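First up is the structure itself, then whatever we jot down about it.
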There are 2 protein chains.
Amino acid sequence: MFVRTGILAKYKTEGSGRRQIVALRFPGEGILPRDGNASYGIQGIVRSEVMVGSASDFNALVEKNPTLQSFFWRLIQRNEAIGYEWLVNCGRRDSVARVAHLLCETAVRSGVDIESEMMLNPFTQQQIADITGQTSVNVNRVFADLERQGLIERAGREIAFRDWRELRRIASFQPAYLE
Amino acid sequence: MFVRTGILAKYKTEGSGRRQIVALRFPGEGILPRDGNASYGIQGIVRSEVMVGSASDFNALVEKNPTLQSFFWRLIQRNEAIGYEWLVNCGRRDSVARVAHLLCETAVRSGVDIESEMMLNPFTQQQIADITGQTSVNVNRVFADLERQGLIERAGREIAFRDWRELRRIASFQPAYLE
DNA sequence: CGTAGGGTTGATAGAGCTCAAGACTTGTGG
DNA sequence: CCACAAGTCTTGAGCTCTATCAACCCTACG
């Protein structure tokens, strides 16, 4: 699956019904075919356009095209790096840093111009909670906190970065892992 | 890098010096080459024998050997699935479930015979904390808890599974993701 | 105009962190 | 063989962060 527009989420549901989003796919990214069943579900974060192809076509294409192969190879490594970063996020950062980190990553991955300071946050607070391993109630409080600290300003889903440097700092966001 | 014996850990260190182990490699598994710098460190959990090769050799080998290619393809997908499971673990399970899940996964991945009920836990409690995103103090209390509940019995690092089924349940461990 | 989903806020409880101290294990050098 | 050091495990006390529960508001939409 190749994301043309919008955002896709891979998620898993725990026994007790709690949901965890384990990966996101922004435009230009994709979900590669798997042997066997996937252990996760796929859902659109926003209305999205997605190209879907068959695994056999994909494999044939890649096998005879070394350029494509190394392209996907790099794509896989990027996703791996993002996954590791998310693990650090969930395991070792407090709730403010987790949300801030997600905002930073989202801004960079969706190609928003930081200088313009504006971004349309595509997530509901519940989805942010599902990504960062918290509750939506707490995500709400964290947003209020970030705003009170003067790091962001909100108008509906629209977010203005008022102090990108400081936001990066509290998130300990080092964009190198996104290449 | 190919792990012959022992266990390797990939880890990242957060700004405040807190460590998160983001992946493990058991015997028969490996760490594939990357373009550019890796954003993680590698450390042995126990004394390990590791075969190290160069990326160019690896790439050449894989490129002309489709069987190898699909082998590594599956390996990557397995690691991806494990990573997702770890995210669920850190994000959505309480501390008892996290430790229990790690024990289950370790038992299966290291090929221990569950029926024999015995496993040499290879980790220090600090390492378990670094994997599950907790403190070593709490890991210690969780172990005491699991023992009090009669799910495991400990003698040093040696662990006996006294009720594998129940342990799996509280960990919500579904081994399918390990293939 | 009613409804559902999302956002906001307060009160409360509890899980897990921090700090601190002591016991035990293992390896090293004299 | 002993003394010592470093690392690991264990336990208690207190506190903080975040979950939970519950109510209410706002907005979009049919």
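Atom set for the values below is all heavy atoms of this structure, side chains included, hydrogens, waters and symmetry mates excluded. Every chain is numbered from 1, with letters handed out A, B, ... down the list of sequences. The structure displayed is predicted, hence computed values, not measured ones.
Judged by distance alone, the side chains of Q126(A) and T124(A) never bring a donor and an acceptor atom under 3.5 Å apart. Between Q125(A) and S136(A), the side chains place no donor N or O within less than 3.5 Å of an acceptor N or O (distance only, hydrogens not considered).
Which of dT11(D), dT18(D), dT8(C) sits closest to the side chain of N140(B) comes down to dT11(D). Residue V137(A) places its side chain closer to dT20(D) than to any other of dC9(D), dT20(D), dG7(C). Closest contact between the side chain of N138(A) and the listed nucleotides dT9(C), dT18(D), dT18(C) involves dT18(D). For D94(B), counting side-chain heavy atoms from C-beta on, the closest listed nucleotide (dG16(C), dT11(D), dG6(C)) is dG16(C). Checking dG16(C), dT11(D), dC21(D) against the side-chain heavy atoms of R141(B) singles out dT11(D) as nearest. Nearest to the side-chain atoms of T135(B) among the listed nucleotides dC17(C), dC9(D), dA19(D) stands dC17(C).
A continuous path of Ile, Leu, Val, Met, Phe, Trp and Tyr side chains, each step under 4.5 Å between heavy atoms, connects V108(B) with I45(B), placing both in one hydrophobic cluster. Residues F143(A) and W164(A) are members of one and the same hydrophobic cluster, defined by side-chain heavy-atom contacts under 4.5 angstrom among Ile, Leu, Val, Met, Phe, Trp and Tyr.
At the phosphate of dG6(C), neither OP1 nor OP2 sits under 4.0 Å from any side-chain N or O atom of Q126(A). OP1 and OP2 of dG6(C) both lie 4.0 Å or more from every side-chain N or O belonging to T124(A).
Note on the helix from dC1(C)-dG30(D) to dG30(C)-dC1(D): terminal axis deviation equals 40°, with five pairs used at each end and the result rounded to 10°.
Residue R154(B) is classed as a sugar-phosphate contact, given heavy-atom separations below 4.0 Å to backbone atoms only.
Annotation: side chain of N121(B) is not in contact with side chain of R154(B) (no heavy-atom distance under 4.5 Å).
Across all non-hydrogen atoms, the minimal contact from V46(B) to P122(B) is CG1-O, 3.8 Å.
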